[in-house]
Amino acid sequence: MISAIRGTHDILPGEVERWQFVERIARSLCDRYGFAEIRTPVIEKEELFAKGSGESTDIVQKEMYAFTDKGGERITLRPEATPSMVRAYVEHSLEHALPFAKLFSMGPMFRYERPQKGRQRQFHQFDVEVFGISDPAIDAEVIDLAWSLVTELGIAQAELVINSVGCPDCRPKFHEALLAALGDDLPKLCGDCQRRAVINPLRIYDCKVPADQPIIDKLPHAVDYLCEPCATHFTGVRSHLDAFGIPWTISHRLVRGLDYYTRTTFEVLGQTLGAQNAILGGGRYDGLVKKLGGPDRVGIGFAAGIERLVLALPESVKVVPPARAFVVALGEAPRTEALRILRELRVAGIPAEMEFEARSMKAQLKRADRVQAALAIIVGDDELARGEVTLRDMRKSEQRAVARAHVVEAVRTSL
RNA sequence: GUGGGCGUAGCUCAAUGGUAGAGCACCGGCCUGUGGCGCCGGACGUUGCGGGUUCGAUCCCCGUCGUCCACCCCA
């Protein structure tokens with residue numbers, strides 16, 4: 001037997017309805033908030049992510065499905081959406097057509113990691129990006145969309161955390177302060193932290209080693225070292241969120257693992273996801289468009305893990321299939337007529353099914369029951385002779401004769 | 001990449017060093033043209049794969065693959 005590749009999954013009927021529910025709400029929200037859909041390729045040049053996501057990130061260093069194609073080009077399956085969105089924005093000069101571009105996309109992402117709860121090698125993201133708007137109101141709008149997604153899906157016990165990581169002007173000062181405060185304690189931290197101190201001191205806040213926590217708890221906070229514009233921006237974001245009535249808390253430890261973030265960062269954390277508790281995460285990336293060869297336009301966005309949304313969905317989300325009819329045929333001549341009825345119903349827009357194997361009426365009705373058919377249309381020699389069918393209401397267990405010519409109308413009114 | 005748990009019927013799981021069983025699901029009968037409930041019957045397994053120990057392995061050992069959880073990282 002050939003099985004699916006490790007870390008990839010088939011989404012089967014019964015499960016896929018929950019996905020469709022999530023996707024439906026996401027699209028509906030984008031409609032309401034004025035976001036347009038964009039679809040970008042699953043494969044990109046490797047350098048897009050080396051430059052975009054950041055050479056130092058784990059995603060680029062060890063998690064990309066990168067390979068050389070038959071033309072000798074370095075290609076990768078996309079590990080995240082943002083660089084692709086930026087590339088498309090730059091490549092098509094969307095700053096002209098869409099000066100204030102509000103875009104969304106959904107699709108598979110790929111990271112070579114060890115699978116666990118809420119983490120697959122092929123996973124799916126709902127991704128939202130805005131280009132060209134720097135007002136803190138847009139930060140709040142993007143966060144509002146993210147929060148509305150979670151609440152409209154009925155995900156309980158979700159928590160919104162925000163932070164500001166500053167900009168290239170003020171972050172060096174914060175890094176300095178961080179290292180100064182660390183001082184003699186630095187050698188006491190874990191190996192990962194020692195490396196972070198050199199590459200990206202901010203990410204010391206990501207550390208979960210228990211022994212390091214007392215030291216990290218005493219470190220200065222990024223928000224206290226923001227430059228004037230960044231501080232004003234962050235205050236604006238918070239007051240807009242308050243105006244929207246969205247509950248937030250500041251997490252000084254929310255620094256995120258991608259290099260491009262500036263100013264606002266945020267995550268929504270869930271309860272039912274095991275160790276992978278981030279349902280969605282994002283932030284502002286004001287230098288990224290320019291870095292990828294585009295105009296100097298700001299950006300902000302987030303990505304939500306669809307698997308994680310589905311995991312966090314309440315059990316009670318059961319998608320009820322539309323009412324349907326089931327055609328039952330008894331014998332050869334009735335079967336031909338039954339097939340015509342089946343097609344008439346479908347052409348008329350009525351979901352209808354039929355058992356094609358010549359089985360007993362009992363078996364056919366059992367099948368009708370299995371597919372939760374609301375109506376059975378029974379066609380046998382008796383009905384054929386009278387120019388009728390028997391219309392059985394499966395829920396009420398009542399049935400009546402209906403003229404052959406009026407079958408579609410009778411079914412439509414009885415469903 | 002590291003650590004641990006688990007791989008037995010389609011699904012959920014039992015069992016024993018002497019060649020496997022239940023519940024659900026499936027098919028049929030009771031009901032010769034009437035589903036759900038009930039009763040009766042049927043079909044279904046190279047016990048993940050490879051090797052080793054043993055007279056004999058589903059069980060013990062080694063390897064491998066898969067899976068789950070955690071670290072790491074992140075959606």
Side-chain angles (χ1 to χ4, degrees), chain A residues 1-9 12 14 22 53 56-63 78-82 106-128 146 149-150 190-193 195-196 203 206-210 254-258 266-270 273-282 301-312 326 328-331 334 355 357 359-384 390-399:
Chain A
M1 182 187 67
I2 300 170
S3 57
I5 287 175
R6 176 171 209 196
T8 71
H9 290 284
L12 304 176
V22 169
S53 308
S56 73
T57 60
D58 283 4
I59 290 177
V60 169
Q61 288 205 333
K62 47 188 192 189
E63 295 174 3
R78 60 182 180 191
E80 62 148 338
T82 302
M106 281 192 240
M109 307 293 155
F110 304 84
R111 292 182 199 171
Y112 191 85
E113 296 183 275
R114 197 85 170 251
Q116 69 184 73
K117 191 178 179 77
R119 192 172 81 182
Q120 286 82 44
R121 288 183 173 182
Q122 176 178 336
F123 60 104
H124 299 77
Q125 288 188 336
F126 164 53
D127 189 74
V128 169
L149 174 67
V150 169
C190 68
D192 278 339
C193 285
R195 258 180 288 117
R196 288 174 181 135
R203 303 214 51 224
D206 267 346
C207 182
K208 285 162 196 149
V209 176
L254 174 58
V255 292
R256 307 196 47 77
L258 294 160
F266 63 97
E267 283 183 0
V268 172
L269 275 13
L273 300 170
Q276 312 302 316
N277 65 347
I279 294 177
L280 62 88
F302 73 87
I306 297 181
E307 280 84 355
R308 293 184 185 180
L309 289 168
V310 169
L311 265 177
F326 198 96
V328 174
L330 303 164
E355 165 76 59
E357 286 169 53
R359 304 176 64 197
S360 70
M361 176 160 181
K362 181 186 180 63
Q364 292 184 61
L365 278 174
K366 199 166 180 171
R367 179 81 60 202
D369 196 55
R370 271 302 299 278
V371 303
Q372 296 175 57
L375 292 173
I377 296 104
I378 301 167
V379 190
D381 290 324
D382 300 352
E383 285 85 354
L384 218 51
T390 298
L391 188 63
R392 179 175 179 80
D393 186 314
M394 299 293 284
R395 295 190 274 237
K396 293 182 191 156
S397 294
E398 293 167 2
Q399 60 191 46

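In what follows, every chain begins at residue 1, and chains take the letters A, B, ... in the order their sequences are listed.
- Distance, A/E63 CD to B/rC72 P: 13 Å, rounded to whole Å.
- Counting any heavy atom pair closer than 4.0 Å across all strands shown, A/L280 reaches sugar-phosphate atoms only and no base atom.
- Between A/P79 and A/R111 the shortest heavy-atom distance is O-NE, 2.8 Å.
- Residue A/L365 contributes atom CG, which lies 13 Å from atom P of B/rG28 at whole-angstrom precision.
- For A/R114, counting side-chain heavy atoms from C-beta on, the closest listed nucleotide (B/rG33, B/rG4, B/rA75) is B/rG4.
- At a threshold of 4.5 Å between non-hydrogen side-chain atoms, the residues A/D127 and A/E80 do not count as touching.
- Taking every heavy atom of both residues into account, A/P334 and A/G380 meet most closely at CG-C, 3.6 Å.
- Of the C1' atoms belonging to B/rA9 and B/rG5, the separation is 23 Å, rounded to the nearest Å.
- Residue A/F126 comes nearest to A/I306 through the heavy atom pair N-CG1, 3.9 Å, listed as atom of the first residue, atom of the second, then distance.
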Does the pair A/F266 and A/L280 meet the rule for a side chain to side chain contact (heavy atoms under 4.5 Å, CB included), with working shown?
CA-CA 9 Å; A/F266 63 97; A/L280 62 88; 4.0 Å; yes
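- Rounded to a whole angstrom, the distance from the C1' atom of B/rG36 to that of B/rG21 is 29 Å.
- Considering all non-hydrogen atoms of both residues, A/A304 and A/L309 come closest at CB-CD1, 4.0 Å.
- Taking the nucleotide of RNA chain B with the nearest heavy atom to each of A/A4 and A/R367, the more 5' of the two is matched to A/R367.
- Across A/I378 and A/M361, no two heavy atoms sit closer than the pair CD1-CE, 3.5 Å.
- Put simply, the side chain of A/R119 and the base of B/rC69 share no donor and acceptor less than 3.5 Å apart.
- Evaluation of atom-type donor-acceptor distances gives a pair under 3.5 Å for the side chain of A/Q399 against the base of B/rU34.
- The residue A/A368 sits apart from the nucleic acid: no heavy atom pair falls under 4.0 Å.
- Taking atom CZ of residue A/F110 and atom C1' of nucleotide B/rA75, one finds them 14 Å apart after rounding to whole Å.
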Protein-nucleic acid N or O pairs under 3.5 Å, nucleotides 44-50 of chain B:
none

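- A/E355 has its CD atom 9 Å from the P atom of B/rC27, to the nearest Å.
- Applying the 4.0 Å criterion to OP1 and OP2 of B/rC69, one finds that A/Q116 has every side-chain N and O outside that range.
- Contacts of A/I279 with the nucleic acid, taken as non-hydrogen atoms under 4.0 Å apart, involve only primed sugar atoms and P, OP1 or OP2.
- Among the candidates A/M109, A/R308, A/E307, the single residue satisfying the side chain to side chain contact (heavy atoms under 4.5 Å, CB included) test with A/Q125 is A/M109.
- For A/L330, whose side chain is taken as the heavy atoms from C-beta onward, the closest listed nucleotide among B/rG4, B/rU34, B/rG33 is B/rG33.
- A/Q61 comes within 4.0 angstrom of nothing in the nucleic acid, heavy atoms only.
- For B/rC73, the OP1/OP2 oxygens have no side-chain nitrogen or oxygen of A/R111 closer than 4.0 Å.
- A gap of 13 Å separates the C1' atoms of B/rA57 and B/rA20, to the nearest Å.
- From A/L330, atom CG reaches atom CD of A/Q364 across 6.0 Å, with rounding to the nearest 0.5 Å.
- The distance from atom CG of A/L311 to atom C1' of B/rC69 is 14 Å, rounded to the nearest whole Å.
- Residue A/G282 is out of contact with every strand shown, counting any heavy-atom pair closer than 4.0 Å.
- For RNA chain B, the stems formed by at least three consecutive Watson-Crick or G-U pairs, with both atom-pair distances below 3.5 Å, span B:1-7 with B:65-71, B:10-13 with B:21-24, B:26-30 with B:38-42, B:48-52 with B:60-64.
- Atom CD of A/Q120 and atom CZ of A/F110 lie 12.0 Å apart (nearest 0.5 Å).
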Review item, nucleotides 36-38 of chain B N/O atoms under 3.5 Å of protein N/O:
| from | atom 1 | to | atom 2 | distance (Å) |
| --- | --- | --- | --- | --- |
| B/rG36 | O4' | A/D369 | OD2 | 3.1 |
| B/rG36 | O6 | A/S397 | OG | 2.3 |
| B/rG36 | N1 | A/S397 | OG | 3.3 |

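- We find that NZ of A/K62 is positioned 7 Å from C1' of B/rC73, with the value rounded to whole Å.
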Evaluate the side chain to side chain donor-acceptor pair (under 3.5 Å) criterion for residues A/E383 and A/T390: first the C-alpha distance (whole Å), next the side-chain angles of each, then the deciding distance (0.1 Å), finally the verdict.
CA-CA 7 Å; A/E383 285 85 354; A/T390 298; 2.6 Å; yes
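- Note: A/F302 CZ to A/T82 OG1 = 10.5 Å, rounded to the nearest 0.5 Å.
- For the residue pair A/R121 and A/P115, the shortest heavy atom distance occurs at NE-CD, 4.2 Å.
- Atom P of B/rG3 sits at a distance of 22 Å from the matching atom of B/rC60, rounded to the whole Å.
- Whole-Å rounding puts the A/I377 CD1 to B/rU34 P distance at 18 Å.
- Here, B/rA22 and B/rA14 have their C1' atoms 7 Å apart, quoted to the whole Å.
- In this structure, A/Q120 reaches the bases: a heavy-atom distance under 4.0 Å links it to at least one base atom across the strands shown.
- Within 4.0 Å of A/G331, counting heavy atoms only, lies no atom of the nucleic acid at all.
- Taking atom C1' in both B/rC49 and B/rG38, the straight-line distance is 44 Å, to the nearest Å.
- B/rC13 and B/rG50 have their P atoms separated by 25 Å, given to the nearest Å.
- When the P atom is used for both B/rC74 and B/rG23, the distance is 50 Å, rounded to whole Å.
- Counting non-hydrogen atoms under 4.0 angstrom, A/D127 reaches nothing in the nucleic acid.
- Counted within 6.0 Å of CD on A/Q372, heavy atoms from surrounding residues, nucleotides or ligands total 12 or fewer; the atom is thus considered open.
- We find that CG of A/L12 is positioned 12 Å from C1' of B/rC11, with the value rounded to whole Å.
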